[in-house]
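In what follows, a single structure is set out as structure tokens and then discussed.
Both backbone and side-chain heavy atoms feed into the values below; hydrogens, waters and symmetry mates do not. So that the names make sense, note that chain A is the first sequence line, chain B the second, and so on, each numbered from 1.
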Number of protein chains: 2
Amino acid sequence: MSKPPARTRLADAAFALFDERGYEQTTIDDIAERAGLGRTTFFRHYRSKEEVIFPDHDRLLELIRDRLATSSHSTALVAVSDAVRLVLLHYIDEGDLARRRYALTSKVAALRDREIASVARYQRLFREFIADWMGDPTESASLRAELMAASVVAAHNHVLRRWLRGESTDPVAEVDEAMREVLALFPAPASPSEPGAGTTIVAFRTGQNIDALLPSLRRLVEEGAKQSGTRVT
Amino acid sequence: MSKPPARTRLADAAFALFDERGYEQTTIDDIAERAGLGRTTFFRHYRSKEEVIFPDHDRLLELIRDRLATSSHSTALVAVSDAVRLVLLHYIDEGDLARRRYALTSKVAALRDREIASVARYQRLFREFIADWMGDPTESASLRAELMAASVVAAHNHVLRRWLRGESTDPVAEVDEAMREVLALFPAPASPSEPGAGTTIVAFRTGQNIDALLPSLRRLVEEGAKQSGTRVT
DNA sequence: TAAAATACGGTACGCAGTACCGCTCGTGAG
DNA sequence: CTCACGAGCGGTACTGCGTACCGTATTTTA
């Protein structure tokens, strides 16, 4: 007859009632009553009705912030890709709880919006990190940081949702693959000190119209040249 | 002594009070009183306190949906880039109102979250459009659609926020440039029927490590080859 | 053992949003 | 002219979230 801590009992009661009646049909009084506690106690453990569903978003965000702060990766994008994996692992760690939450956010617009707002905070964190890391205050670099952050988050969400829907058996491998895709979108400028990073000649044939390729090539070449001083022929 | 319509008076009163006391310090009773109307009338014109700030997000979303539905562009990404420009133009059209809203969303977390949720709806619309357009149900294509939609939205937001902050004098030109950046990230597969789209040989020199380039090149070549049957050497 | 910290319950309040009812103008049909 | 009807507005009352404050019991620490 041991008593689980109040916080746990409240969460259990809440999810049970959400499953039975739905989120909006459940009041906080209902939850407290089912948990055998007072209404005041609920708010002592959770700031709002929504927070019982997203209990540790703040904590996770801080975790990611620390991870980035102490990160020592070769490029900003790799550091962010690495950090975002922590988020995925956190969800996977929650297991069934994450799936129940997904079921709720799929049905209740208010919860979906809340989830989206949380994700946006990660994206903002990433964007600021990348921008700081690049140290380049130009408008072009700023846009690039924005695109990078958005892509990483989108890739993560894509894999996460697949896993939440039960469409993925190995989400960690998938997120690695997805991050490779993102890294491929944003080729890293070469570090000049790196040995073996000399001039390289690449030739390939393609059926694509040259115009379709040009912007990508120009971008690659420009960024390589900016760092190493090679000439574009 | 002409009387503006109630809806307008309510909006004016609301923004005036938000400026004076802040959003959270203003109650709906305050707004109705200042407008010389009853509280009931407020809710007859606006579903919530937030909606007086975002009055026509739904309408704009439908506008974009229609635009996409009747779009006849060469690629999905171009169609979406075109549609997203409508959003930017809408904001620019609002002029000072958009800037006042931005000032509010910058300060009030609840409003920022709401704004983000609205943006996410555009992104979802774009993602679905792109996925449908590609018609390719593979996981890779799905991720690609996700990345495209996220990038277009991120680029738009970037330009929009610059304009809202008064950092941009020609946002339309900027969004066009930003969209070119996004298009460059996702090279379009060549249409085989297009004349002049034969085999092209490209050679260039770069200071980058070949490994850094390889994923990008592979992606370009694969997609070109898939369509036109050229061989990669 | 006294005091202080911790955890819980209860009451009361402010405000958002909903439901419902009643009033007053038009405006057009008979 | 009058009656009916619909549109726009106001008022009252209610539910429910979230906050503030106070009182009480149990445990911990000095």
Side-chain angles (χ1 to χ4, degrees), chain A residues 1-18 20-55 57-58 101 104-105 107-115 117-118, chain B residues 1-18 20-55 57-58 101 104-105 107-115 117-118:
Chain A
M1 291 310 155
S2 67
K3 276 195 179 182
R7 189 179 164 88
T8 312
R9 280 192 304 166
L10 285 165
D12 289 346
F15 271 92
L17 286 168
F18 293 162
E20 290 174 18
R21 320 180 190 174
Y23 178 79
E24 279 137 341
Q25 283 66 43
T26 303
T27 74
I28 292 183
D29 282 304
D30 295 336
I31 300 171
E33 191 185 359
R34 159 94 51 131
L37 294 166
R39 177 184 140 86
T40 310
T41 304
F42 178 91
F43 283 106
R44 210 169 267 125
H45 289 278
Y46 299 100
R47 278 175 297 189
S48 71
K49 188 176 164 185
E50 290 171 357
E51 203 184 285
V52 75
I53 304 183
F54 308 100
H57 248 138
D58 287 357
R101 181 167 51 220
L104 284 173
T105 53
K107 292 191 187 307
V108 184
L111 297 179
R112 184 169 47 239
D113 288 357
R114 162 98 182 209
E115 173 84 40
S118 298
Chain B
M1 292 311 158
S2 65
K3 276 193 177 184
R7 188 178 165 89
T8 311
R9 294 212 321 255
L10 284 167
D12 289 346
F15 272 93
L17 287 168
F18 293 162
E20 290 173 18
R21 320 181 190 172
Y23 177 79
E24 279 137 342
Q25 284 65 45
T26 303
T27 74
I28 291 183
D29 282 304
D30 295 336
I31 299 171
E33 191 186 0
R34 160 91 52 129
L37 294 168
R39 177 183 141 86
T40 310
T41 303
F42 178 92
F43 284 107
R44 210 168 267 125
H45 288 278
Y46 299 99
R47 278 175 298 191
S48 72
K49 187 175 165 186
E50 290 170 358
E51 203 185 286
V52 74
I53 304 183
F54 309 100
H57 248 137
D58 287 356
R101 181 167 51 219
L104 285 172
T105 54
K107 292 192 186 307
V108 184
L111 297 179
R112 184 170 45 239
D113 289 356
R114 162 99 183 205
E115 173 82 40
S118 297

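- One interatomic measurement links the two molecules: CG of A:Leu10 to P of C:dA7, which rounds to 14 Å at whole-angstrom precision.
- The interatomic distance linking A:Tyr23 (OH) with D:dC17 (C1') rounds to 10 Å, in whole Å.
- In this structure, of C:dC8, D:dG10, D:dT19, it is D:dT19 that holds the atom nearest to the side chain of A:Phe43.
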**Report entry** Full working for side-chain contact (heavy atoms from CB on, under 4.5 Å) between A:Leu111 and A:Glu50
**Finding:** CA-CA 7 Å; A:Leu111 297 179; A:Glu50 290 171 357; 3.8 Å; yes
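- Below 30°, between 30° and 60°, or above 60°: for A:Phe42 and A:Tyr46 the angle between ring planes is between 30° and 60°, a tilted geometry.
- As a whole-Å value, the separation of B:Asp29 CG from C:dC13 C1' is 15 Å.
- Between A:Arg47 and B:Thr41, the residue whose closest nucleotide on DNA chain D is further toward the 5' end is B:Thr41.
- When distances run from any side-chain atom of A:Thr27 to the nucleotides D:dG16, D:dC9, D:dG18, the shortest one goes to D:dG16.
- Looking at heavy-atom distances under 4.0 Å, B:Arg39 makes contact with a base.
- A:Phe18 does not carry A:Lys49 over the face of its six-membered ring by the limits of under 6.0 Å from the centre and within 45° of the normal.
- In this structure, CD of B:Glu24 is placed 18 Å from P of C:dG14, rounded to the nearest angstrom.
- Of the two residues near DNA chain C, A:Ala6 and B:Thr40, the one whose nearest nucleotide lies more 5' is A:Ala6.
- When rounded to the nearest whole Å, the span between CZ of B:Arg44 and P of C:dG17 equals 16 Å.
- Dashed line: the shortest gap from a side-chain N or O of A:His45 to OP1 or OP2 of C:dA7 is not under 4.0 Å.
- Residue A:Tyr46 contributes atom OH, which lies 16 Å from atom P of D:dT19 at whole-angstrom precision.
- The number of heavy-atom neighbours closer than 6.0 Å to CD of B:Glu20, taken from other residues, nucleotides and ligands shown, is above 12.
- With C:dC8, C:dT18, D:dC17 as the candidates, the nucleotide lying closest to the side chain of A:Ile28 is D:dC17.
- No donor-acceptor pair closer than 3.5 Å links the side chain of B:Arg34 to the backbone N or O of B:Ala13.
- Spacing between atom CG of A:Leu37 and atom P of C:dT6 amounts to 19 Å, rounded to whole angstrom units.
- One can place CD of A:Gln25 at 16 Å from P of D:dT15, the figure rounded to the nearest angstrom.
- Side-chain to base pairing of B:Arg7 with D:dG8: no donor and acceptor N or O lie closer than 3.5 Å to each other.
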